[in-house]
Amino acid sequence: MTPAPLLHAPWTAIPGLTHAFLPGRVEPAAPVRVARQVHGTRIVTAETTHDSSVEADGLVVAAPGVRVGVVTADCAPICWSSCPGEGTS
């Protein structure tokens with residue numbers, strides 16, 4: 001039996017934000033963009049990352065509907081979000 005994903009209750013109230021914490025090596029149901037963590041300073045756009053061979057320590061998403069994943073071992077993941085229109089002129 002596959003364990004259910006864990007959800008963070010406050011995030012479920014944010015319109016358009018889909019999230020889940022997957023326990024262990026559970027494969028997500030939808031395509032997810034990931035990078036191979038290398039403990040460096042490189043940040044890449046998720047829209048250009050189509051497989052996990054890209055080496056980076058951060059992913060930026062600008063397009064709606066692009067899902068990103070973070071695989072961690074000894075580091076804590078950090079997620080920032082902004083509402084549409086925030087920070088734009």
Side-chain angles (χ1 to χ4, degrees):
M1 174 180 243
T2 303
L6 305 171
L7 300 177
H8 182 58
W11 290 356
T12 60
I14 300 173
L17 178 65
T18 303
H19 80 283
F21 296 94
L22 303 176
R25 290 295 300 164
V26 175
E27 293 299 322
V32 176
R33 309 284 173 89
V34 296
R36 191 167 71 80
Q37 183 184 24
V38 293
H39 297 282
T41 59
R42 184 170 183 224
I43 308 294
V44 298
T45 59
E47 292 84 355
T48 61
T49 308
H50 297 287
D51 60 45
S52 60
S53 66
V54 173
E55 294 183 348
D57 288 296
L59 295 171
V60 175
V61 181
V66 176
R67 293 183 168 103
V68 297
V70 178
V71 179
T72 64
D74 60 346
C75 297
I78 298 173
C79 177
W80 280 287
S81 175
S82 66
C83 296
E86 259 187 38
T88 61
S89 51

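Computed from a prediction, not measured in an experiment: that's the story for all the values here. This chain uses plain numbering: 1 for the first residue, then up along the sequence.
The side-chain contact (heavy atoms from CB on, under 4.5 Å) test applied to Ala63 returns Glu47, Val66, not counting sequence neighbours.
Residue Val38 is found outside any hydrophobic cluster, as its side-chain heavy atoms come under 4.5 Å of no other Ile, Leu, Val, Met, Phe, Trp or Tyr.
Summarising the geometry, atom CD1 belonging to Ile43 is positioned 8.0 Å from atom CG belonging to Leu59; distances are rounded to the nearest 0.5 Å.
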May I have the step-by-step check of side-chain contact (heavy atoms from CB on, under 4.5 Å) for Arg42 and Val54, ending in yes or no?
CA-CA 10 Å; Arg42 184 170 183 224; Val54 173; 4.1 Å; yes
